[in-house]
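Presented below is the structure to which this report refers.
Here is the naming used below: chain letters follow the sequence lines, and residue numbers restart at 1 for every chain.
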Number of protein chains: 2
Amino acid sequence: MAKRIEPVALSRGLVLRSAVGLADAAGLESLTMRRLAEVLGVEAMSLYHHVANKEALLDGVVEVVMDEVAETVAGLDRPERDWRATMRMTVLAARGVMLRHPWAPGVFTTRGSASLPVVRYIDDIAGIMRRGGFTQDLIHRALHALGGRALGFAQELFEPGDAAGEGGVESLGPMAAMLPNLVAMLSEVVHDDPDSTLGWCDSQAEFEFGLDLILDGLERHRTA
Amino acid sequence: MAKRIEPVALSRGLVLRSAVGLADAAGLESLTMRRLAEVLGVEAMSLYHHVANKEALLDGVVEVVMDEVAETVAGLDRPERDWRATMRMTVLAARGVMLRHPWAPGVFTTRGSASLPVVRYIDDIAGIMRRGGFTQDLIHRALHALGGRALGFAQELFEPGDAAGEGGVESLGPMAAMLPNLVAMLSEVVHDDPDSTLGWCDSQAEFEFGLDLILDGLERHRTA
DNA sequence: ACCTGAACACCGTTCAAGT
DNA sequence: ACCTGAACACCGTTCAAGT
């Protein structure tokens, strides 16, 4: 499970990047100081010379992910004239990074106050809207309305696969009688979309639908 | 800190309600099997006779909170003819319950698959839309677009109070130069709303703005 | 059946000691 | 300056024993 690597010099950057790698490979619950040290071929206490404590480690992990987002966004060819297209492209790029680190939303939302890299990303988003002709007040409300969605977080109420994943609607089992509306909905929608590869529905399309709903609404407020 | 109560007979319901009370009073990080047992005046291992393990305890905690939501929703006088008003009223009622349990979103989003009480709530939401004339496909997409917001979760990217809480825009400090758009936005918006009691902005109004953006968008899809 | 106490395998973290 | 090993105060949980 834990593969030791050569005894390279430890550094904050290496510790943080290894933490991201460990969470990617083995899940967030595996990211402990002791396991991380083991991966780095070092004693747990050595980590404390590069990171104040576990909270600081998680702050650093957010930094690493946000650096990846910033790099991806920097590589985009945005049509700055069109605020809506630019925003859409930026948010979907951030989402692409988050899909590579499915545990990231769980860490971001426990981080109390926003770190510099997150705030810098939001500043970019605000700039897109400003150049698009938003008032400051509308920018403010837009940032709240987007919330985690600005970084590509979906916050679904349940994950694909539990209600109508393999077993179909029948797998709802004895509760089906209590859920007439969901049963009716699922029996129709699942049939409509039989070869969706991503589960009981294509969550990329669903994310974009929700994002567009908000962007459309903002555009209407902008021109009002 | 931990107040012992009389040695009443333990039961699953009492264990779960005490767990909610402990999280309310001392925060989610205080909700441990040992602390919960102490509050109940019992040994930690006694809890395992009423709850399989900590995961099951948290599932039960979700149940308790959802029961509170269901009770609140049942007491509403909904104008069923108007899907939009009914939906709005229902979601805001759920949000009212969540505001009493600020730790709840953090527990709900770690619950993997949806529990029966959550699914039953979603079924109600689906029913509102169905009676409002939604197609099954639009109901499906609407549920994804709402996500956690259907239960009143906001998922803000940062909490009020860290950027421009007490100290105002200046408290952004040395990073201000890197954040021209946010500085411009905050210096204007905070002035517009000087006596907001809830922090740097009124999050209830912000939540309703975001919710209305989605409901308006859905209404437009419905009539298209 | 319900509850207990000791024990185990983990955590994060402090501290004194090494180099 | 950086790393170590033992130790401490916590976790969740197993198990054998009590009533």
Check the phosphate of [N] against [X], side-chain N and O only, distance under 4.0 Å to OP1 or OP2. Yes or no?
{"X": "A:Ser46", "N": "D:dC2", "answer": "no"}
{"X": "B:Arg35", "N": "D:dC11", "answer": "yes"}
{"X": "A:His50", "N": "D:dC3", "answer": "yes"}

How many whole angstroms separate atom [atom1] of [X] from atom [atom2] of [N]?
{"X": "A:Glu29", "N": "C:dG12", "atom1": "CD", "atom2": "C1'", "value": "17 Å"}
{"X": "A:Met33", "N": "C:dC10", "atom1": "CE", "atom2": "C1'", "value": "15 Å"}
{"X": "B:Glu55", "N": "D:dC11", "atom1": "CD", "atom2": "P", "value": "17 Å"}
{"X": "A:Asn53", "N": "D:dC10", "atom1": "CG", "atom2": "C1'", "value": "16 Å"}
{"X": "B:His49", "N": "D:dT13", "atom1": "NE2", "atom2": "P", "value": "14 Å"}
{"X": "A:Arg12", "N": "D:dC2", "atom1": "CZ", "atom2": "P", "value": "14 Å"}
{"X": "B:Arg34", "N": "D:dC10", "atom1": "CZ", "atom2": "C1'", "value": "8 Å"}
{"X": "A:Lys54", "N": "C:dT14", "atom1": "NZ", "atom2": "P", "value": "15 Å"}

So, do [X] and [Y] sit near enough that their side-chain heavy atoms are less than 4.5 Å apart?
{"X": "B:Met87", "Y": "B:Leu146", "result": "yes"}
{"X": "A:Glu63", "Y": "A:Arg12", "result": "yes"}
{"X": "B:Gln155", "Y": "A:Arg149", "result": "no"}
{"X": "B:Met66", "Y": "B:Leu151", "result": "yes"}

Could you write out each protein N or O paired with an N or O of nucleotides 15-19 of chain C at a distance under 3.5 Å?
none

With respect to the side chain of [X], which nucleotide from [options] is positioned closest?
{"X": "B:Thr32", "options": "D:dC11, D:dC3, C:dT4", "value": "D:dC11"}
{"X": "B:Tyr48", "options": "D:dT13, C:dG12, D:dC2", "value": "D:dT13"}
{"X": "A:Glu43", "options": "D:dT4, D:dC11, C:dG5", "value": "D:dT4"}

Spacing of B:Leu143 atom CG and A:Leu157 atom CG [to the nearest 0.5 Å]: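 Rounded to the nearest 0.5 Å, the CG-CG separation comes out at 8.5 Å.
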Please list, chain by chain and in numerical order, all residues satisfying side chain to side chain contact (heavy atoms under 4.5 Å, CB included) with A:Pro105, sequence neighbours excluded. A:Phe153
Looking at D:dT14, which nucleotide sits across from it as a Watson-Crick or G-U wobble partner, both distances under 3.5 angstrom, or is there none?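 C:dA6 is the nucleotide pairing with D:dT14.
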So, A:Asp24 and A:Arg100, do they make that salt bridge, N to O below 4.0 Å? no
